[in-house]
Amino acid sequence: MQSKALTPEHYLSELPEERKKPMLKLREVIKNNLPEGFEELMCYGMLGFVVPHSIYPKGYHCDPKLPLPFISLASQKNFIALYHMGIYADENLLNWFLVEYPKHCKTKLDMGKSCIRFKKMDDIPFELISELAKRVSVTDWIKKYETAFNK
């Protein structure tokens with residue numbers, strides 16, 4: 001479900017009531033814990049946290065006009081999705097997350113390559129997401145991205 005919203009605030013205002021509180025909290029947790037340099041914007045119809053062109057002029061290899069994506073948040077039909085490109089690109093980060101998840105959450109992890117799906121709004125591990133957001137700096141993400149994707 002891609003939104004046509006042009007700003008994060010507009011996107012959040014369009015959410016169904018039962019999704020607003022968890023999405024607002026996830027956004028706050030990510031914004032408050034991401035290292036300096038990441039920027040929030042709308043990207044692919046979702047909330048996006050990216051490395052802006054002012055820091056990484058090459059942009060995203062799939063479409064260099066877009067800034068380098070890092071984390072995205074979306075309210076999908078049956079779940080909230082958190083897309084974390086660092087987990088997709090860094091096996092060590094993925095392994096850390098897989099070990100930590102059961103310590104923070106009662107439900108089984110529902111995850112794709114970079115997508116973490118939260119079906120139960122009351123069981124989102126905000127503290128773990130906070131730690132995940134802190135773990136990769138802009139510089140580290142650019143290095144990992146160039147090694148993993150931009151060959």
Side-chain angles (χ1 to χ4, degrees), residues 1-3 8 11-12 15 18-64 66-151:
M1 294 172 39
Q2 284 193 349
S3 171
Y11 177 83
L12 292 163
L15 293 174
E18 68 275 5
R19 295 287 179 92
K20 282 184 182 176
K21 187 175 179 183
M23 284 289 289
L24 284 165
K25 187 163 183 181
L26 276 168
R27 177 189 186 213
E28 179 183 338
V29 163
I30 292 167
K31 284 177 72 167
N32 289 343
N33 290 284
L34 271 177
E36 190 174 327
F38 290 102
E39 186 175 283
E40 182 187 31
L41 49 71
M42 290 299 298
C43 194
Y44 293 106
M46 302 180 273
L47 295 180
F49 298 89
V50 303
V51 179
H53 282 105
S54 61
I55 294 173
Y56 190 69
K58 293 179 189 178
Y60 187 35
H61 71 278
C62 294
D63 183 351
L66 295 175
L68 178 60
F70 183 56
I71 296 176
S72 296
L73 278 176
S75 178
Q76 303 293 7
K77 182 177 180 182
N78 296 312
F79 54 87
I80 288 177
L82 185 147
Y83 301 89
H84 193 290
M85 294 296 290
I87 283 179
Y88 180 65
D90 185 341
E91 189 175 349
N92 291 329
L93 185 61
L94 171 61
N95 290 336
W96 169 84
F97 186 78
L98 293 174
V99 167
E100 291 299 314
Y101 187 86
K103 297 175 187 177
H104 295 267
C105 204
K106 296 172 274 189
T107 58
K108 181 181 175 198
L109 177 61
D110 184 357
M111 185 174 172
K113 288 183 179 181
S114 74
C115 175
I116 305 160
R117 292 176 280 275
F118 301 112
K119 292 180 182 168
K120 295 184 178 183
M121 303 302 109
D122 294 336
D123 203 24
I124 297 173
F126 294 106
E127 185 178 316
L128 178 60
I129 301 307
S130 166
E131 288 302 312
L132 180 61
K134 292 177 190 176
R135 292 187 82 85
V136 182
S137 71
V138 167
T139 303
D140 290 341
W141 173 230
I142 291 169
K143 286 178 190 171
K144 181 54 75 175
Y145 169 76
E146 289 193 336
T147 301
F149 299 109
N150 207 6
K151 298 180 180 184

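From a predicted model like this one, the values you see are computed outputs, not experimental measurements.
When side chains are defined from C-beta on, His84 counts as touching Leu93, because their heavy atoms get closer than 4.5 Å. Here the side chains of Leu47 and Leu26 are not in contact, with every heavy-atom distance at 4.5 Å or above. In this structure, Arg19 and Met121 have side chains that are in contact, with non-hydrogen atoms separated by less than 4.5 Å. Inter-residue side-chain proximity for Met46 and Tyr83 is flagged as met; some heavy-atom pair is nearer than 4.5 Å. Taking 4.5 Å as the limit, every side-chain heavy atom of Phe79 sits out of range of all side-chain heavy atoms of Asp110. Between Ile80 and Pro22 there is a side-chain heavy-atom pair separated by less than 4.5 Å. Side-chain contact between Ser75 and Tyr11 is present, with heavy atoms from C-beta onward closer than 4.5 Å. Contact check for Lys20 versus Leu12: no side-chain heavy atoms found under the 4.5 Å cut-off.
A donor-acceptor distance shorter than 3.5 angstrom exists from the side chain of Asp123 to the backbone of Thr107, with no hydrogens or angles considered. Although no hydrogens or angles enter the test, the distance criterion places no donor-acceptor pair under 3.5 Å between the side chain of Arg117 and the main chain of Leu82. In terms of modelled atom types and a separation under 3.5 Å, the side chain of His53 and the main chain of Pro64 share a donor-acceptor contact. Thr147 contributes a side-chain N or O that, together with a main-chain N or O of Lys143, makes up a donor-acceptor pair within less than 3.5 Å.
When the shell of 6.0 Å around NZ of Lys120 is examined, it contains 12 or fewer heavy atoms from other residues, nucleotides or ligands. Within a 6.0 Å sphere centred on CD of Glu91, other residues, nucleotides and ligands contribute 12 heavy atoms or fewer. Heavy atoms from other residues, nucleotides or ligands lying under 6.0 Å from CG of Asp122 number 12 at most.
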Side chain to side chain contact (heavy atoms under 4.5 Å, CB included) between Trp141 and Phe70, worked out: CA-CA 8 Å; Trp141 173 230; Phe70 183 56; 3.6 Å; yes
Pair Leu132-Trp96, side chain to side chain contact (heavy atoms under 4.5 Å, CB included): steps then yes or no: CA-CA 9 Å; Leu132 180 61; Trp96 169 84; 3.9 Å; yes
Intermediate values then yes/no, side chain to side chain contact (heavy atoms under 4.5 Å, CB included), Met111 and Phe97: CA-CA 11 Å; Met111 185 174 172; Phe97 186 78; 4.2 Å; yes
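Of all the heavy atoms in Glu39 and Pro52, the pair that sits closest is OE1-CB, 3.7 Å. For the residue pair Ala133 and Leu34, the shortest heavy atom distance occurs at O-CD2, 3.6 Å. Scanning both residues, Ile87 and Ile116, for their nearest heavy atoms gives CD1-CD1, 3.9 Å. For the residue pair Phe118 and Ile129, the shortest heavy atom distance occurs at CZ-CD1, 4.0 Å. Nearest heavy-atom pair, Val51 versus Val138, reported as atom, atom and distance to 0.1 Å: CG1-CG1, 3.8 Å. Closest of all the heavy-atom pairs between Arg27 and Pro8 is NH2-CB, 3.8 Å.
Val50 pairs with exactly one of Leu66, Ile55, Ile71, Leu41 by the side-chain contact (heavy atoms from CB on, under 4.5 Å) rule, that one being Leu41.
Note: His104 and Phe126 fail the aromatic proximity criterion, with ring centroids not under 6.0 Å apart. Ring centroid separation for the pair His61 and Tyr145 comes in under the 6.0 Å cut-off.
Every residue meeting the ring pair (Phe, Tyr, Trp, His ring centres under 6.0 Å) condition with Tyr88, not counting sequence neighbours, appears here in chain and number order: Phe149.
With values rounded to the nearest 0.5 angstrom, Leu24 atom CG is found 7.5 Å from Leu15 atom CG. Once rounded to the nearest 0.5 Å, the distance linking CG of Asn33 with CZ of Arg135 reads 12.5 Å. Here Cys43 contributes atom SG and Asp63 contributes atom CG; the two are 9.0 Å apart, rounded to the nearest 0.5 Å.
The aromatic rings of Tyr44 and Tyr60 sit perpendicular, their planes meeting at an angle over 60°, well past the 30° parallel limit.
Glu28 has no carboxylate O lying under 4.0 Å from a charged side-chain N of Lys25, or vice versa, which leaves the two without a salt bridge.
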